[in-house]
Amino acid sequence: MTHTKPHVVNLELAEPQTNRNILNLATEELQTSLHKINLWVKGQFPQPSGHQTSHQTHHALPSRWSVTREALKQLTRGHFSIGDVQSAIMSYNSDYKHKWTFEVLHHYAKRLHKEDNNLELVISKMAKLALDLPDLIKKGVPLLRSQKPKAITLSQQQIACLLANAFFCTFPHRNDTKPGSEYTTFPTINFSSLFGNHPKDALKEGQKAQKLRAIFQYFHTVTNDDPHQPAEAKPDGVVTFERISIPNEKLPKWKNEKKLLRNLHVSSKGSIEKEGSGLLQVDFACKYIGGGVLGTGLVQEEILFLMSPELIVSRLFTEKLDHNECLRITGAQIYSSYSGYSRSFEWAGPHQDMTKRDYWRRRFRQIVAIDALEFKNPKEQYTKDNITRELNKAYVGFQRDPDTPPERLPAIATGNWGCGAFGGDPKLKALIQLMAAAVAERDMAYFTFGNEVLATELQEAYYHLKTNKVTVDKLYKALMDYCGQRERPDLYIFIFKKIGLQISQL
Ligand code: AR6
């Protein structure tokens, strides 16, 4: 059986071959959705029986890609309605004709879309961009599989092309989330879930349509060929996605860690993404990266991903995160600004990102996705296993990249990680992050997101712990004692007493 020789790898690589982060594409497993897409683009997607010759395969299958290509080509010619976009998407997704609805897309087009951004023009350029897939991505992008630390670097143009395909729901095998189906351990990537809405959904149609404003702003920018656009704002760099896994035996032994707390800056005002710019920004993640960004979620992680849609592409290749893993993303650009939060969220306009770029043309912006545990019952968080798990998770996210010298290590910008949708206790989580930062030897800026009481309490607690040179192991032991309490006294006062701090105001 003769197969067409795979095209030469055309992923732009941001790091030199000697760097440990580099993708060794030659040895990557090729069982990836993108590899399959390449076959599918060439009409070679194998039948489930797998008994055909390549010749038969060419002719037996009216390839999904050829149907897709025809549908998208129509859109590149302009003169279409949103109904036509819907029909185009459904033409190669007919299995979902009774499942997918498009009222949010229609809502956006009718009520939210501004005439100055010609929607038809943007969508036709997006179709063109999606059709560039075979030219822009010539080899399968490897999957970032569980427990396999690895990095992928893509050009912003490749990301835009992949996201245009996600918008038009062209990725095969990625719509079925039933247990046992091929990609159940991966997040979804096709945008179908953004277009429809159910009356019982957490967001109303109009609220969900705000997400589309951010998405279209992104596509408007990446397809913008206006020569007057400032060169610094152009999305012509690269972005690195790195899965980090630390084996259990290499995780800190918390009860023996003698490190002192590092510097802490606490503020009740400001946000991680704005005031924390230039620092390592924490994404309060879901283990399925991006959480509900393509559905009804609209809290910290989803908003982050909507402001920087390049982050969404990580859903294509990042398998769900395990307890000892995180995803670190370097170089993503910001395209929009927002106001409000959750149900009051609104897209607030375009953002021109002039952030400088590094040697590899990545914007100086690093985000680390760490997923906290979700506590339906708040009591569950005060156990040795759960506290240790959260310490480990934070440590994995904060750990220094061995290539960065300690003196050039940015501080961490974080806040109430795990304390909104996931129901955690912010006083406990702040302490856990502070301990993990101490072991990772990084300073921290903590944004309490308007909670002034928490800001004051945290500042005071930190002051006493720092001036009394309390080490991580002591804090860990005090936390373990706290877990054993029947009642839940104030966490910080309990710890001070346990450690024997003489504090006059107690
Ligand atoms: N800057 C600083 N603090 C913030 C910001 C911000 N931009 N946004 C929110 N906060 P949450 P979780 C504060 O609920 O509990 C998503 O669906 C604010 O106090 O987003 O870890 C993910 O995909 C807020 O209450 O994080 C996961 O599935 C708190 O941070 C899940 O939610 C927690 O924000 C994660 O839930």
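Excluded from the calculations below are hydrogen atoms, water molecules and symmetry mates; all remaining heavy atoms, backbone and side chain alike, are included. In listed order, ligands and their atoms are each counted from 1.
- Cation-pi contact between Arg315 and Phe305: absent, since separation from the ring centre below 6.0 Å together with deviation from the ring axis within 45° is not met.
- A centroid separation of 6.0 Å or more is found between the aromatic rings of Phe168 and Phe191.
- Geometrically, Lys498 does not engage Tyr482 in a cation-pi contact, judged by NZ or CZ lying under 6.0 Å from the ring centre and within 45° of the ring axis.
- Results of the ring-ring contact (aromatic ring centres under 6.0 Å, His included) test with Tyr108 over Trp347, Phe216, Phe102 single out Phe216 as the only residue that passes.
- Partner of Ile272 under the side chain to side chain contact (heavy atoms under 4.5 Å, CB included) criterion, chosen from Trp417, Phe284, Tyr446: Phe284.
- A cation-pi arrangement, defined by a distance under 6.0 Å to the six-membered ring centre and an angle within 45 degrees of its axis, is present between Arg174 and Tyr183.
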Check ligand 1 against the protein and report each N/O to N/O distance under 3.5 Å, formatted as atom name, atom name, distance.
residue	atom	partner	partner atom	Å
ligand 1	1 (N)	Ile272	N	3.1
ligand 1	7 (N)	Glu273	OE1	2.9
ligand 1	14 (O)	Ala421	N	2.8
ligand 1	15 (O)	Cys419	N	3.2
ligand 1	15 (O)	Gly420	N	2.8
ligand 1	15 (O)	Ala421	N	3.1
ligand 1	15 (O)	Phe422	N	3.0
ligand 1	17 (O)	Glu302	OE1	3.4
ligand 1	17 (O)	Glu302	OE2	2.6
ligand 1	19 (O)	Asn416	ND2	3.1
ligand 1	20 (O)	Gln300	N	3.0
ligand 1	21 (O)	Gly418	N	2.8
ligand 1	23 (O)	Glu301	OE1	2.6
ligand 1	23 (O)	Glu302	OE2	3.4

